[in-house]
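All remarks here apply to the structure that follows.
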There are 2 protein chains.
Amino acid sequence: MSKVAKVAKVAKPARARATPAPKPKAAPRARRPAGRRDTFHHGDLRRALVGAALDLVAEGQGETFTLREAARRVGVNHRAVYHHFADKRSLLAAAVIEGWRGQLDEIRAELAKQPADQPTHERLLAIGRAYVRYALARPAHYRAMFGARLNADGRFTDLEAVLAEATSLVATEIKRGVERGELPAGTDVLQATMTLWASVHGVSDLLIEGRIQARPGRALTYAERLLRAVVVGLTAG
Amino acid sequence: MSKVAKVAKVAKPARARATPAPKPKAAPRARRPAGRRDTFHHGDLRRALVGAALDLVAEGQGETFTLREAARRVGVNHRAVYHHFADKRSLLAAAVIEGWRGQLDEIRAELAKQPADQPTHERLLAIGRAYVRYALARPAHYRAMFGARLNADGRFTDLEAVLAEATSLVATEIKRGVERGELPAGTDVLQATMTLWASVHGVSDLLIEGRIQARPGRALTYAERLLRAVVVGLTAG
DNA sequence: ACCTGAACACCGTTCAAGT
DNA sequence: ACCTGAACACCGTTCAAGT
């Protein structure tokens, strides 16, 4: 007990966030939390670490969460992390990939709810709404999804894969719009896709950073207005 | 010499960037660089530290540059920083404020170059172009300008002041557009301003992160297309 | 195969002087 | 008034075992 008490007493240095953060930390770090197995069989520790990283990111630490704390949360020595991830960036990347996957799932679910034969601009708005809603629901996570330049080196091909999937989902809608005559015949599909992405990302980021000050319930309305302007712009060619 | 040699020999830990970065570091840290005064008179050290922070940020460290290295660059003990800045965030904030001021200056310069009686949508495009050009010219700095949630606590009122100035510059143009009948009478000025900001920020960020892959010379064209779509959307109401 | 312990070279920040 | 030195509680990562 002495070790834990000492740690708790000391004033937290700057690296810690101002937000209290529930910190379960039910057991002293030397002993393993009750009810948790003594060794993880393959895959479980990896998953547990990603889960801990996701929690830490979401609690507001963003990409600055520490590898050592993630290990502490699941009750293993920090060195154990290196058996599953090459370095901290890889652990972050795994958490970030989960984020993109979740967002893609929500977009798909939203599209599935649209009535059949919905005009393209309504479908694009639905996609955008789902995107922004997801981002606003997990601000710290969303920022991590963009930060840390995880694509700078060629590593993390899984990350690129989810993003490619999301991109092609939008591209498909745009192609459909052109085919149905709802978007100009000469539309550059890739460019239109990126224009939409830039728009939803821009509003999301400004809202998250508090640069656009919108009352909680109005944030999505804000995003929707921007989206409408962009879609109208695309439609006008 | 022994100290410096030892430091140089050791493998750089993860915190350091992969990019080589020119690192002048002309003198061993204990001795002051030749030709630099032994003590700074008031204001100079502050300015020198902000300069060093700006350089470190621009060299790719972003907001993860270290206070200790900034101090080393100007040849003072890292503790000296605390005489001019409350903490690392304050030093970062000072660097970030310089960034926004620079961007605002470039936007003003660009507007000054516009022919008199230019239609509003052309003026808005000029503003947007200058904004994106600035962001793309200093990617790491631009990301730092948005990162770190420097506005989260109420500190750094100077930062809020520059941003308010930039916002009102755009708002003025939009009002002018409404008055001249170039934008719909019912236009929500604040909302239109934020819509434009979100657009230019969105493209800038995606371009910087390499999510939009544009050949170097084409990046601005990309941004311009998005901007045009948004302006058209705003004009259509 | 999977995990741990000790060590290393860093951090940001505080306390207590030095000139 | 302005700067320094030593110390503290952290980091991420490496080396070398332990079971």
Side-chain angles (χ1 to χ4, degrees), chain A residues 3-18 29-32 36-49 53 56 61 63-72 74-93 148, chain B residues 2-18 23 25 29-32 36-49 53 56 61-72 74-93 148:
Chain A
K3 219 175 179 182
V4 173
K6 192 179 154 207
V7 168
K9 198 183 60 184
V10 160
K12 265 281 181 178
R15 223 163 282 214
R17 284 313 189 94
R29 81 176 79 161
R31 243 187 294 143
R32 208 150 270 122
R36 194 166 275 149
R37 63 171 72 77
D38 275 322
T39 50
F40 290 85
H41 41 32
H42 106 265
D44 278 9
L45 177 53
R46 188 184 203 284
R47 196 156 33 220
L49 285 167
L56 287 167
Q61 315 246 172
E63 54 187 275
T64 69
F65 81 92
T66 70
L67 176 151
R68 286 166 105 115
E69 178 148 20
R72 248 175 258 141
V74 306
V76 294
N77 185 283
H78 65 274
R79 279 293 300 125
V81 178
Y82 288 90
H83 198 267
H84 298 273
F85 299 95
D87 50 19
K88 190 198 155 180
R89 276 170 75 77
S90 303
L91 176 54
L92 211 209
Chain B
S2 60
K3 219 174 177 181
V4 172
K6 191 178 156 208
V7 167
K9 197 182 62 185
V10 160
K12 262 283 180 178
R15 222 163 282 214
R17 284 315 188 92
K23 269 218 183 188
K25 204 188 199 174
R29 82 175 77 161
R31 241 186 297 142
R32 208 151 269 120
R36 196 168 271 147
R37 64 170 72 75
D38 275 323
T39 50
F40 290 86
H41 41 30
H42 107 264
D44 278 10
L45 177 53
R46 188 184 203 285
R47 200 161 25 225
L49 285 168
L56 287 167
Q61 315 246 172
E63 56 188 272
T64 69
F65 80 92
T66 69
L67 177 150
R68 286 167 104 115
E69 178 148 20
R72 247 175 258 140
V74 306
V76 294
N77 186 283
H78 65 274
R79 278 293 301 127
V81 177
Y82 288 89
H83 199 267
H84 297 273
F85 300 94
D87 51 19
K88 190 199 155 178
R89 277 169 75 76
S90 304
L91 176 53
L92 211 209

Close N/O contacts between protein and nucleotides 14-17 of chain C (under 3.5 Å):
from, atom 1, to, atom 2, distance (Å)
dC15(C), N4, R79(B), NE, 2.9
dC15(C), N4, R79(B), NH2, 3.4

> Which nucleotide sits closest to the side chain of D87(B): dC11(D), dT13(D), dT13(C)?
Replying inline: dT13(C)
> Once you round it to whole Å, what is the distance between P of dC10(C) and NZ of K88(A)?
Replying inline: 18 Å
> In whole angstrom, what separates L67(B)'s CG from dT13(C)'s C1'?
Replying inline: 9 Å
> Who pairs with A70(A) by side chain to side chain contact (heavy atoms under 4.5 Å, CB included), at least two apart in sequence or on another chain?
Replying inline: A52(A), L56(A), F65(A), L91(A)
> What residues, two or more places apart in sequence or in another chain, satisfy side chain to side chain contact (heavy atoms under 4.5 Å, CB included) together with Y82(A)?
Replying inline: L67(A), R79(A)
>> Rounded to whole Å, please give me the gap between CZ in F85(B) and C1' in dG12(C).
In response: 15 Å
> Is any side-chain nitrogen or oxygen of H84(A) closer than 4.0 Å to OP1 or OP2 of dC2(C)?
Replying inline: no
> Want to know the stems of DNA chain C: at least 3 consecutive Watson-Crick or G-U pairs with distances under 3.5 Å, which are they?
Replying inline: C:4-8 with D:12-16, C:12-16 with D:4-8
>> I need the CG-P distance between D44(B) and dC3(D), as an integer number of Å.
In response: 10 Å
> Could you state the NE2-C1' distance from H83(A) to dG12(D), rounded to the nearest angstrom?
Replying inline: 19 Å
> Where the side chain of N77(A) is concerned, which of dC2(C), dT4(D), dG5(C) is the nearest nucleotide?
Replying inline: dG5(C)
> Is the distance from OP1 or OP2 of dA9(D) to the nearest side-chain N or O of R68(A) less than 4.0 Å?
Replying inline: no
>> From CD of E69(B) over to C1' of dG12(C), roughly how many Å is that when rounded to an integer?
In response: 14 Å
> Starting at CD of E63(B) and ending at P of dC11(C), how long is that distance when rounded to a whole Å?
Replying inline: 17 Å
> What integer number of Å spans the P atoms of dC2(C) and dA16(D)?
Replying inline: 22 Å
>> For a quick test of reading the model: is some side-chain N or O of R89(B) closer than 4.0 Å to OP1 or OP2 of dT13(C)?
In response: no
> Which whole-number value in Å describes the distance from Q61(B) CD to dC11(C) C1'?
Replying inline: 13 Å
>> From C-beta outward on T66(B), which listed nucleotide comes closest to its side chain: dC2(D), dG12(C), dC3(C)?
In response: dG12(C)
> Where the side chain of L45(B) is defined as all heavy atoms beyond and including C-beta, which of dG12(D), dC3(D), dC2(C) is the nearest nucleotide?
Replying inline: dC3(D)
